[in-house]
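Worth saying up front: this structure is predicted, and the values here are computed from it rather than measured. The figures that follow rest on heavy atoms only: side chains count, while hydrogens, waters and symmetry mates do not. Here, residue 1 is the first one in the sequence, and each next residue gets the next number.
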Amino acid sequence: MQSSELQRITNWLIDGARSSGTPAEMIADVCEHLVDAGLPIWRFGIFIRTLHPEIFGRNFIWRQGEEVEVGTVDFDVLDTPEFAASPLRIVFEQGIEVRGRVGDPDNARFPIVKDIGAEGATDYIAVPMPFLDGSVHATSWVTRHPGGFTDDHIAAIRSIVTPLARVSEIISLRRTAEMLLDTYVGNRAGARILGGQIRRGHNDTMQAAIWLSDLRGFTALSDRLPPETVVEILNHYFDCQVTAIRGHGGEVLKFMGDGLLAVFPIDEYVGDAAHVCTRVLEAARESRASVEALAFPVGEAVERFRFGVALHVGNILYGNIGGGNRLDFTCIGPAVNLAARLEKITGRLGRTVVASEGFANVCRHDWRELGEFPIAGFSKAQRVYGLGEETPVVMA
């Protein structure tokens, strides 16, 4: 091992690995420099646990002469036989190193050792990588060196894990912030918040298609079912919409009880208004089909659901609104208010999808004019349109 080169790699990591543009590039640079310094690694893995409601962690796998593989693992992995027999489980649970020399009968309990042996490897070691917050993450190191890792090799690995942990923690913290913001406020709002748009009054005017929906009969549903069941129903119900909304370029801003507010920005990056509104309508039709197909068993009965969604297009004020030190990143304006009023009309008309005159004019489709309706807070009655394909269903 070249101690001077090892120290140079350590200093580079302590300085933040500035020359690497992405985490994957950083991993590749570290491994290649370590090989040049005399550490005979053939495969390297790093597993970072994440603070995310669906993702257990991210892994980066480097193999000599190949691109770094980046993947995510959901929480289901914790219940698999593969994880139960993995050295990484011991690292996570006990925070200790786990060594697995190929050919050693004591390591037969680890399938990974047999797998890497079949590829010509001779030794494996999993090393914990603790963060400053006390959480334990993991690295794994594999070699094809005859006889496996030497004591000097192991010492070099241990010495590099600490600075690697520091830069990995910084990267992980930023990614965690991005993911949490995406989860709770949406990706567009999250990017703005991380970009520094965090003061009350920081807002922009934006043209957007507006989606506002709610679940029919939710009050009665909440009254006759346990709260836990209602929450589970809402989660399934929102899944029917969020997938379609995001798949067609929209961003969910709010869940308000059984209500959902989403926007589909119209700007130079996503095409003209007609294109965006057409995608909004496609999302509405997909959501309608998903909600109609949703069946939730409760005891001997099966609950079925209907919802209403109002579509409008206009200018909105998009940014930070709130009081004191509690802010909300949301949108307001007459266009949002009109969408909210139109959504209430869907139930009266027995329609799933209704659109404002402005939306119907922009999104050419087989619309049917449903009449003019007085709208609270607006001086003029508003024309409302429904889909020609829909048959009104008036709920009792």
Quick one: do Glu357 and Glu369 satisfy side-chain contact (heavy atoms from CB on, under 4.5 Å)? Show the steps, please. CA-CA 9 Å; Glu357 183 175 17; Glu369 184 176 343; over 6 Å; no
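- In terms of heavy atoms, His312 sits closest to Ala339 at CB-CB, 4.2 Å.
- In summary, the side chains of Thr278 and His275 do not present any donor paired with an acceptor at a separation below 3.5 Å, with no hydrogens or angles considered.
- Note on Arg224 versus Glu303: salt bridge recorded, some NZ/NE/NH1/NH2 to OD/OE distance being below 4.0 Å.
- For Arg304 (side chain) and Glu292 (main-chain N/O), a donor-acceptor pair under 3.5 Å exists by modelled atom type.
- Residue Asp151 places its CG atom among 12 or fewer non-hydrogen atoms of other residues, nucleotides or ligands, all under 6.0 Å distant.
- Remark: side-chain polar atoms of Thr50 are paired, donor with acceptor, to backbone N or O of Ile55 under 3.5 angstrom.
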Salt bridge (charged side-chain N to carboxylate O under 4.0 Å, His left out) assessment of Arg246 paired with Glu251: CA-CA 6 Å; Arg246 297 193 60 161; Glu251 178 171 356; over 6 Å; no
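- In this structure, Phe307 and Asp214 have side chains that are not in contact, with every pair of non-hydrogen atoms separated by 4.5 Å or more.
- The shortest non-hydrogen separation linking Arg306 to Arg351 is NH2-C, 4.4 Å.
- In terms of heavy-atom proximity, Ala284 sits nearest to Val309 at CB-CG1, 4.4 Å.
- Ring-centre distance between Tyr237 and Phe305: not below the 6.0 Å cut-off.
- A donor-acceptor contact shorter than 3.5 Å links the side chain of His137 to the backbone of Arg49.
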Please output the side-chain donor-acceptor pairs of residues 78-94 that fall under 3.5 Å, not counting sequence neighbours, one pair per line with the distance.
{"unit_1": "Thr80", "atom_1": "OG1", "unit_2": "Val77", "atom_2": "O", "d": "2.7"}
{"unit_1": "Thr80", "atom_1": "OG1", "unit_2": "Phe83", "atom_2": "N", "d": "3.3"}
{"unit_1": "Ser86", "atom_1": "OG", "unit_2": "Leu88", "atom_2": "N", "d": "3.1"}
{"unit_1": "Arg89", "atom_1": "NE", "unit_2": "Ala84", "atom_2": "O", "d": "2.8"}
{"unit_1": "Arg89", "atom_1": "NH1", "unit_2": "Glu93", "atom_2": "OE1", "d": "3.0"}
{"unit_1": "Arg89", "atom_1": "NH2", "unit_2": "Ala84", "atom_2": "O", "d": "3.3"}

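- Glu389 CD: more than 12 foreign heavy atoms inside a 6.0 Å radius.
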Under the criterion side-chain contact (heavy atoms from CB on, under 4.5 Å), I'd like the reasoning laid out for Val353 against Leu311: C-alpha separation, chi angles, the key distance, then a yes or no. CA-CA 8 Å; Val353 180; Leu311 308 177; 3.9 Å; yes
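- Listed for the Asp15 side chain is no donor-acceptor partner under 3.5 Å among the backbone atoms of Asn11.
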Applying side-chain contact (heavy atoms from CB on, under 4.5 Å), run through Leu387 and Arg368 and close with a yes or a no. CA-CA 6 Å; Leu387 295 174; Arg368 295 287 187 269; over 6 Å; no
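- Side-chain contact between Leu261 and Val252: absent, with no pair of heavy atoms (C-beta onward) separated by less than 4.5 Å.
- For the residue pair Trp12 and Arg18, the shortest heavy atom distance occurs at NE1-N, 4.2 Å.
- At most 12 non-hydrogen atoms from other residues, nucleotides or ligands lie less than 6.0 angstrom from NZ of Lys344.
- Here the shortest heavy-atom pairing between Phe131 and Ala165 reads CE1-O, 3.6 Å.
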Arg288/Glu390 under salt bridge (charged side-chain N to carboxylate O under 4.0 Å, His left out): CA gap, chis, key distance, verdict: CA-CA 11 Å; Arg288 180 182 62 189; Glu390 279 195 356; 2.9 Å; yes
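- Evaluation of the ring pair (Phe, Tyr, Trp, His ring centres under 6.0 Å) test over residues 333-364, restricted to residues two or more places apart or in two chains, returns none.
- With respect to Trp141, the ring pair (Phe, Tyr, Trp, His ring centres under 6.0 Å) criterion is satisfied by exactly one of Trp42, Trp62, Phe44: Phe44.
- Between Asp133 and Ser135, the side chains place a donor N or O and an acceptor N or O closer than 3.5 Å (distance only, hydrogens not considered).
- Side-chain contact check for Gln382 and Ser356: no donor-acceptor pair (N or O, by modelled atom type) lies under 3.5 Å.
- Using a cut-off of 4.0 Å between Lys/Arg side-chain N and Asp/Glu carboxylate O, Arg166 and Glu169 are scored as salt-bridged.
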Let me check something: any side-chain donor-acceptor pairs from residues 115-129 under 3.5 Å, sequence neighbours excluded? List them with distances.
{"unit_1": "Thr122", "atom_1": "OG1", "unit_2": "Thr143", "atom_2": "O", "d": "3.3"}
{"unit_1": "Thr122", "atom_1": "OG1", "unit_2": "His145", "atom_2": "O", "d": "2.6"}
{"unit_1": "Asp123", "atom_1": "OD1", "unit_2": "Arg99", "atom_2": "NE", "d": "3.3"}
{"unit_1": "Asp123", "atom_1": "OD2", "unit_2": "Arg99", "atom_2": "NE", "d": "3.1"}
{"unit_1": "Asp123", "atom_1": "OD2", "unit_2": "Arg99", "atom_2": "NH2", "d": "2.7"}
{"unit_1": "Asp123", "atom_1": "OD2", "unit_2": "Phe149", "atom_2": "N", "d": "2.9"}

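- Smallest separation of non-hydrogen atoms from Ile345 and Val384: CD1-CG2, 4.3 Å.
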Go through it in stages, so that I can follow the logic: the residues are Arg279 and Glu282, the test is salt bridge (charged side-chain N to carboxylate O under 4.0 Å, His left out), and I'd like the CA-CA distance, side-chain angles, deciding distance and then a yes or no. CA-CA 5 Å; Arg279 297 185 68 181; Glu282 290 171 357; 5.4 Å; no
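- Using modelled atom types, no side-chain atom of Ser172 and backbone atom of Ser168 make a donor-acceptor pair closer than 3.5 Å.
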